Amino acid sequence: MRIWASAKASVSACSSCGVGSRRVHSRYDRRVADVPVAGQSVVLWLRMRRFFCDNETCPLKTFAEQVDGVTSAHARRSPRLRGMLESIGLAVAARAGARLAARLGLITGRDTLLRLVRAIPDPPIGTVTVLGVDDFAVKRRHTYGTILLDMATHRPVDLLADRTAESLAAWLRAHPGVTIVCRDRAGAYAEGARLGAPGAQQVADRWHLWHGLAGYVEKTIRQHHRDLRDPDHDIPRPDPDRVAPLDVEQVTIAADIDRVETQAVVVRIREHYQAVQQLLAEGESISGISRSLRLDRKTVRRFARATTIEELLIKQRDGRPGPLERFKPYLHERWNQGCTTATVLLAEIREQGYTGSYPALTCYLRPFRTVGAAPPATPAPPKVRDVTRWMLQHPDDLDDHDRDRLNEILARSSALERLSFHVASFAEMMTGRHGERLDDWTAAVEADDFPELHSFTAGLKRDHAAVVNGLTMEHNSGAVEGSVSRLKSIKRSMYGRAKFDLLRKKILCRF
């Protein structure tokens, strides 16, 4: 649809100085695309005028008139059409946006949409008093960026191309006025906030604190995995009369060690243990041993604290259930039915998904042959993750079955009972915002024999002020996490083909 028109105003204002003029210099034809009508594209054919500027101080001698809402300097689209195309580009990006625009009567190309989106000016940031900081993956495990959020309006104010302390510090110096920084436990953001806004209070997010505690609780439960099994239905042990020279418990430990001796990982454990102990005797530090043997410092520390190699091997056995664990009830049932051939049992459990070895099966069945019977088939012990979930969940939210199973486990394991008490104390402190109790809770945990939780408390001490603020103040990073989720959705809609500047523009202008 073509529309021919001309401006009828007798006076036009200069685009440079704003002084009105009546003297016409010349006329020219101009074509401007406008919004569609009834699904049809519209083109305005305009007869425009050029005026003399009568202001002697103005650098322009002549200027072209503009019609508000219809034309702008050097533009072939009306402001209304440009706004529609920008909205489509921000919503569905290039190819999909071009297809949608064609259905609406807007003739444009994918590259044009991208150019329009990139040309949109950034929204003004203003003064941000409470800032939320979090990272996001541009390319997972390779490239990461940082999103900054105004916690008062829950709107992103900027995106940084990396997640380093220097970038955050530079942004904070360029935008003074931040008094509170909400962040996760990342050390780079803590350092960046300290350098860029020394007077701002840092607040560690409560969800990240709870999530971190959950990981250490799961590791602790794995160390006490044997406590999850009902001792009344455990595998039979050899008759004490047949092993008189040794204690029954020693026979059990020796059997457990024999089972893992054939594993390749045990060979590495022995070699590393001997190397670590030798370097310690020579006066080498933990960090030096870590560099020499190319081991993690936590691994070196664990090997250094172990008094004997058997202690490490037993932990290796008890750390997590093996591939045979979930097939034990079936083996008990089949043994009591009279099937005592290991090869037959191996074939049966292989069909059910067993991936372990034949020696592991024969080692497990050996006590059955010694005693002459297997204990009654019972359900497998609960999974470590299930017990972790029960322990971390509020008791009122558990059903009766899960609550009873958890109470049974805590009743026969004093270690897990103490662990459950520490978890409940931390949950009460976090939900009630009793940050003043943190030091007492940390001291109580460190007085108990939970090495994994000791690592958690050590991390809390390194970030003590932010953790106390997180457990006391009302601020949290929930809005930042929600923005990161929306950012991921926008990033996926671009199919990974656009650059960071386009992603930044879509995030800042679309929210």
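All values below come from the heavy atoms of this structure, side chains included, with hydrogens, waters and symmetry mates left out. Nothing here was measured: the structure is a model prediction, and the numbers come from that model.
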Run the side chain to side chain contact (heavy atoms under 4.5 Å, CB included) test on Glu86 and Arg82 for me, step by step, so that the C-alpha distance in whole Å, both residues' side-chain angles and the decisive distance to 0.1 Å come before the verdict. CA-CA 6 Å; Glu86 289 174 349; Arg82 182 184 180 93; 3.1 Å; yes
Kindly indicate whether the side chain of [X], heavy atoms from C-beta on, has any atom under 4.5 Å from the side chain of [Y].
X      : Y      : value
Arg301 : Arg297 : yes
Leu168 : Val133 : yes
Leu471 : Met429 : yes
Val130 : Val178 : no
Tyr354 : Arg326 : no
Ile125 : His175 : yes
His464 : Asp439 : yes
Ile147 : Val484 : yes

Cationic tip of Arg163 above Tyr144 ring, under 6.0 Å, 45° of axis: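 The answer is yes; both the distance and angle limits are met.
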More than 12 heavy atoms from other groups under 6.0 Å of [atom1] on [X]:
X      : atom1 : answer
Phe500 : CZ    : yes
Asp68  : CG    : no
Arg433 : CZ    : yes

Point-to-point distance, once rounded to the nearest 0.5 Å, from [atom1] of [X] to [atom2] of [Y]:
X      : Y      : atom1 : atom2 : value
Leu228 : Ile221 : CG    : CD1   : 7.0 Å
Ile507 : Leu149 : CD1   : CG    : 11.0 Å
Thr108 : Leu106 : OG1   : CG    : 8.0 Å
Leu453 : Lys219 : CG    : NZ    : 11.0 Å
Cys509 : Leu90  : SG    : CG    : 6.0 Å
Ser485 : Lys488 : OG    : NZ    : 6.0 Å

Intermediate values then yes/no, salt bridge (charged side-chain N to carboxylate O under 4.0 Å, His left out), Arg437 and Glu428: CA-CA 10 Å; Arg437 302 181 186 177; Glu428 181 181 357; 3.6 Å; yes
Evaluation steps, salt bridge (charged side-chain N to carboxylate O under 4.0 Å, His left out), between Arg403 and Asp400: CA-CA 5 Å; Arg403 189 184 302 111; Asp400 295 337; 2.9 Å; yes
List the atom of [X], the atom of [Y], and the distance in Å for their closest heavy-atom pair.
X      : Y      : value
Val217 : Met391 : CG1-SD, 4.2 Å
Phe456 : Trp441 : CE2-CH2, 3.8 Å
Ala101 : Leu85  : CB-CD2, 4.5 Å
Leu508 : Asp158 : CD2-N, 3.6 Å
Met151 : Leu131 : CG-C, 3.9 Å
Arg206 : His475 : NH1-O, 3.5 Å

Hey, does the side chain of [X] reach the backbone of [Y] with a donor-acceptor pair shorter than 3.5 angstrom?
X      : Y      : answer
His394 : Asp396 : yes
Asn469 : Ala465 : yes
Asp134 : Glu481 : no
Ser285 : Gly288 : yes
Ser483 : Ala479 : yes
Thr299 : Leu295 : no
Ser413 : Ile409 : no
Thr143 : Lys139 : no

Steps toward side chain to side chain contact (heavy atoms under 4.5 Å, CB included) verdict (Met473, Ile180): CA-CA 11 Å; Met473 304 174 68; Ile180 296 176; 3.7 Å; yes
Regarding [X] and [Y], do their side chains bring together a donor and an acceptor under 3.5 Å, going by distance alone?
X      : Y      : answer
Ser290 : Ser287 : no
Glu452 : Thr220 : no
Thr388 : Arg385 : no
Thr146 : Asp135 : no
Asn476 : Trp207 : no

Taking NZ, NE, NH1 and NH2 as the nitrogens, is one of them in [X] or [Y] under 4.0 Å from a carboxylate oxygen of the other?
X      : Y      : value
Arg118 : Asp501 : yes
Arg155 : Asp150 : no
Arg185 : Asp463 : yes
Arg504 : Asp122 : yes
Glu417 : Arg412 : no

With Arg222, which of His224, His225, Glu218 fulfils side chain to side chain donor-acceptor pair (under 3.5 Å)?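 When side chain to side chain donor-acceptor pair (under 3.5 Å) is applied between Arg222 and each of His224, His225, Glu218, only Glu218 qualifies.
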From CA spacing to verdict: side chain to side chain contact (heavy atoms under 4.5 Å, CB included), Asp402, Leu406: CA-CA 6 Å; Asp402 293 343; Leu406 177 60; over 6 Å; no
List the steps, then state whether side chain to side chain contact (heavy atoms under 4.5 Å, CB included) holds for Val300 with Phe303. CA-CA 5 Å; Val300 175; Phe303 277 65; 5.8 Å; no
Aromatic ring pairing Phe426/Trp210, orientation class (parallel under 30°, perpendicular over 60°, tilted between):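 Because their plane-to-plane angle is under 30°, the rings of Phe426 and Trp210 count as parallel.
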What's the verdict on salt bridge (charged side-chain N to carboxylate O under 4.0 Å, His left out) for Glu191 and Arg194, showing C-alpha distance, side-chain angles and the deciding distance? CA-CA 5 Å; Glu191 181 68 12; Arg194 185 186 66 82; 2.5 Å; yes
